[in-house]
Q: 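Below you'll find the structure I mean.
Numbers restart at 1 for each chain; the letters A, B, ... are given by sequence-line order, proteins then strands.
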Amino acid sequence: MERRPAIDYEKDLNPRQLQAVTTIEGPQLVIAGAGTGKTRTLVYRVAYLVERGVSPESVLLLTFTRKAAQEMMRRAATMLDARCALVTGGTFHSFANLVLRRYAPEFDFSSRFTIVDRSDAEDIVNLIRTELGLQGKDRRFPRKSALVNIFSRVVNTGKSYEQVLEEEYPQFSDELEAIAQVAAAYTAYKQRHAVMDYDDLLVHLARLLREKDTVRKRLSNDHRYVMVDEFQDTNPLQAEIAYQLASEHRNIAVVGDDAQSIYSFRGADFRNIMDFPKRFPDCLITTLEQNYRSTQPILSLTNAIIANAREKFTKQLFSQLPGGRKPVYLRPAGTEQQAVRVVQEIRRLRGDGVAAGEIAVLFRAAWHSNELEVMLKRGGIEFIKYGGLKFVESAHIKDLLALLRVLFNPRDGVAWYRILLLIEGIGPTSAKQIIARIVGAGEGFEALTHKTFAKRKYGKDLGALRAALEQVGEPGVTPTTAVTALMDHYRPIMEQKYDDAHKRVNDLASLIQIADNYTSLEALLSDLTLEPPEQALAGRAAASDGADRIVLSTIHSAKGLEWHSVFIIHLVDGYLPSSYAFYKTDSLEEERRLFYVAATRAKENLYLSAPQTASGNSFYNPDIGGPSRFLHEIQDLKTLTKRVN
DNA sequence: CGCTTCTTCGTTTTT
DNA sequence: CGAAGAAGCG
Ligand SMILES: Nc1ncnc2c1ncn2[C@@H]1O[C@H](COP(=O)(O)OP(=O)(O)OP(=O)(O)O)[C@@H](O)[C@H]1O
């Protein structure tokens, strides 16, 4: 076992952190501002537990976002010795997936379920909507994306359909009954076809814990120490899961910052964090005020940003890090000049020896970096972009994945639908008939060569499909073998379908690379949905993995991370805050917190860029105007920042 | 079934 | 403005 120097807890932690780390029994809440060492407290606590003989597998670390989960698990793994790499954890969704693979049969669900992403969910809902004949020319029925949104809102907020419709979709409140009907059919479909959407993972896990006492006891006893990072981002469903997991021992430590709550759109409420002490009146509450990430000039600005929030628990932070430069305030003439300016500044930082991986550009919405990306490419600067069209969302990858999915779960109706529509001569009607035989009549692959279909003009193609699937489907195939074989089947189809097939072939090849890291098809498929390679498609082929590159990220995805130098671009009313939030107080408050999260990512350098003119999304372009109101409202902006051209 | 043409509608963030 | 959906034709 690799030896690392013993941890000196008293040296590495301040007294309050130390108390939180060494209090290992019972409930506790750490509520503290950005960069005060909340995650550090958690990972030291992991080491402390393991050092005292707690088995690492019984320590469970959970959080909502993938990036924060990765960061948390990565930091935990570097502690103490190799044992710390064995702690369980990740996102709530990935944990739910693991548990449900084992316990789904408890509620009559197949363990070999596949996980559907948003676009699959929309496709299913669309099928149902057509089948139920709910669209009419004079009828204003929600489109598929709205329906899926509504369903998800209901699940994540715990509100009723009635309430969600009234509050968020008043234009559809007449359709309550029909919407509920679609929802019921959607649920039935998912059970019949053994598929779960993202929300189902949480719903089913919560239900399992709530209703199956023996399972709850067992899981709770398996995970004697439950810890949740970024607790302000958990919604009621996730909070319930955490509480149930701790039900047998009450060893639950949660850390969070109400000022960084930015996921209300999926049911998180920053006030929820205050429910913890209500539920556990005897809990230890730790607050932290010293920031160890940023220099004082940056902190003075971020304190000023959050000071304008209406409601907040956390206090002013201070830093003892030496030196530091004032945040730079840029006012480029337009968005193109902004991109040029940022590239220029990045070059300067690189010249000064700042590593590329220590530089990040943050923004509100994925498309805000489009211009900058062009400029960076032109300048030969490599970058990683988080957000935007992902590798697994491109049509050809989805096609190939559909083939893998039916191999793993032959009942997966959406996957079949996608595969069948690729065949010339098969449209929605034939596809449904064929699927009815495969799944409904339980015939499996054999249905593909059933005499009804064999004599139709696409009979030969169905036969070839069956042969391809059966050839791979031998027990014990490795994911690599499966992907390679199905790629041989799919490639000619792709070449016929897409003009730019020669480019797409590279992506299929990267899928083989990815598959190489897996030993089971289940793990490959689950990961590709739950933790897909999040790099946008564009950069994939060019960039060698692990290379040190500039990061472009949405603010949401930057949560929990830190960089030496951070740029926040498009600090313009209409972008940040998003014009969508202008007229809702709560949303505006959340937009401010978003700005706060972005600014608190910076260790040494912070650049704020507010272009003087910014054309919005061309058509829907209201109120995009001056610098962000969150800059305006800061009284001492002039002294807190350095204006540079 | 697969194609074209016309109309309508919503617009952000994540798993 | 662009995507989704309705409608119509061969
Ligand atoms: N007591 C300490 N001594 C030295 N460095 C510390 C201490 N506490 C935290 N740090 C460092 O400060 C930085 C921020 O810590 P950490 O990421 O744990 O904060 P956080 O509270 O989780 O922040 P956020 O809420 O913004 O994600 C890290 O680089 C961490 O190593």
Q: With sequence neighbours excluded, tell me which residues meet ring-ring contact (aromatic ring centres under 6.0 Å, His included) with A/Phe151.
A: A/Tyr186

Q: Which residues pass the ring-ring contact (aromatic ring centres under 6.0 Å, His included) test with A/His193, sequence neighbours left out?
A: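 In terms of ring-ring contact (aromatic ring centres under 6.0 Å, His included), with neighbours along the sequence ignored, A/His193 is linked to A/Tyr189.
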
Q: For A/Asn156, what residues pass the side-chain hydrogen bond (donor to acceptor under 3.5 Å, both in side chains) criterion, not counting sequence neighbours?
A: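 Checked A/Asn156 against side-chain hydrogen bond (donor to acceptor under 3.5 Å, both in side chains); matches are A/Ser152, A/Asp199, A/Asn235.
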
Q: Expressed as a whole number of angstroms, how long is the span from A/Arg118:CZ to B/dT12:P?
A: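 Rounded to the whole Å, the gap is 11 Å.
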
Q: For DNA chain C, what residues of residues 142-156 of chain A have any heavy atom nearer than 4.0 Å?
A: A/Arg143, A/Lys144

Q: Holding to ring-ring contact (aromatic ring centres under 6.0 Å, His included), I want the full list of residues that pass it with A/Tyr243, two or more places apart in sequence or in another chain.
A: A/Phe280

Q: If the condition is salt bridge (charged side-chain N to carboxylate O under 4.0 Å, His left out), which residues does A/Arg266 pass it with, not counting sequence neighbours?
A: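 Salt bridge (charged side-chain N to carboxylate O under 4.0 Å, His left out) list for A/Arg266, sorted by chain: empty.
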
Q: Grab the CG-C1' distance between A/Asp123 and C/dA3 for me, whole Å please.
A: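 Those two atoms, CG and C1', are 14 Å apart.
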
Q: In terms of ring plane angle, is the pair A/Tyr198 and A/His93 parallel, tilted or perpendicular, where the classes change at 30° and 60°?
A: perpendicular

Q: Does A/Asp461 have any side-chain hydrogen bond (donor to acceptor under 3.5 Å, both in side chains) partners at least two apart in sequence or in another chain, and if so, which?
A: none

Q: Could you check which residues of residues 87-97 of chain A get a heavy atom under 4.0 Å from DNA chain C? Sort them by number, please.
A: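 When residues 87-97 of chain A is checked for heavy atoms under 4.0 Å from DNA chain C, there are no hits whatsoever.
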
Q: Report the residues that fulfil side-chain hydrogen bond (donor to acceptor under 3.5 Å, both in side chains) with A/Glu371, sequence neighbours left out, ordered by chain and then residue number.
A: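 Testing A/Glu371 for side-chain hydrogen bond (donor to acceptor under 3.5 Å, both in side chains), a comparison that skips the adjacent residues, returns A/Thr335.
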
Q: Could you check whether A/Asp200 gets within reach of a base, just the sugar-phosphate, or nothing at all, counting any heavy atom under 4.0 Å?
A: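 Here A/Asp200 touches no strand at all.
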
Q: Check nucleotides 2-5 of chain B for protein N or O atoms closer than 3.5 Å to its own N or O atoms and list the pairs.
A:
{"unit_1": "B/dG2", "atom_1": "OP1", "unit_2": "A/Gly425", "atom_2": "N", "d": "2.6"}
{"unit_1": "B/dG2", "atom_1": "OP2", "unit_2": "A/Ile426", "atom_2": "O", "d": "3.0"}

Q: Going by the rule salt bridge (charged side-chain N to carboxylate O under 4.0 Å, His left out), which residues pair with A/Lys559 if we only count those two or more places apart in sequence or in a different chain?
A: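 If we apply the salt bridge (charged side-chain N to carboxylate O under 4.0 Å, His left out) test to A/Lys559, skipping adjacent residues, the hits are A/Glu230, A/Asp233.
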
Q: For A/Phe113, enumerate each residue passing the ring-ring contact (aromatic ring centres under 6.0 Å, His included) test, keeping only those at least two apart in sequence or located in another chain.
A: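 For A/Phe113, no residue satisfies ring-ring contact (aromatic ring centres under 6.0 Å, His included) once neighbours in sequence are set aside.
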
Q: Give a yes/no answer on whether the side chain of A/Thr554 brings an N or O atom under 4.0 Å of OP1 or OP2 in B/dT14.
A: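 Checking A/Thr554 against B/dT14: at least one side-chain N or O falls below 4.0 Å of OP1 or OP2.
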
Q: To the nearest Å, give me how far apart NZ (A/Lys390) and P (B/dT15) are.
A: 6 Å

Q: How many whole angstroms separate atom CD of A/Glu122 from atom C1' of C/dA4?
A: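 About 10 Å, once rounded to whole Å.
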
Q: Could A/Lys584 and A/Tyr580 be counted as a cation-pi pair, given that NZ or CZ must be under 6.0 Å from the ring centre and within 45° of the axis?
A: yes

Q: Can A/Tyr198 be called stacked on B/dT14 when the rule is centres closer than 5.5 Å and an angle between planes below 30°?
A: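 According to the criterion (under 5.5 Å, under 30°), no, A/Tyr198 does not stack.
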
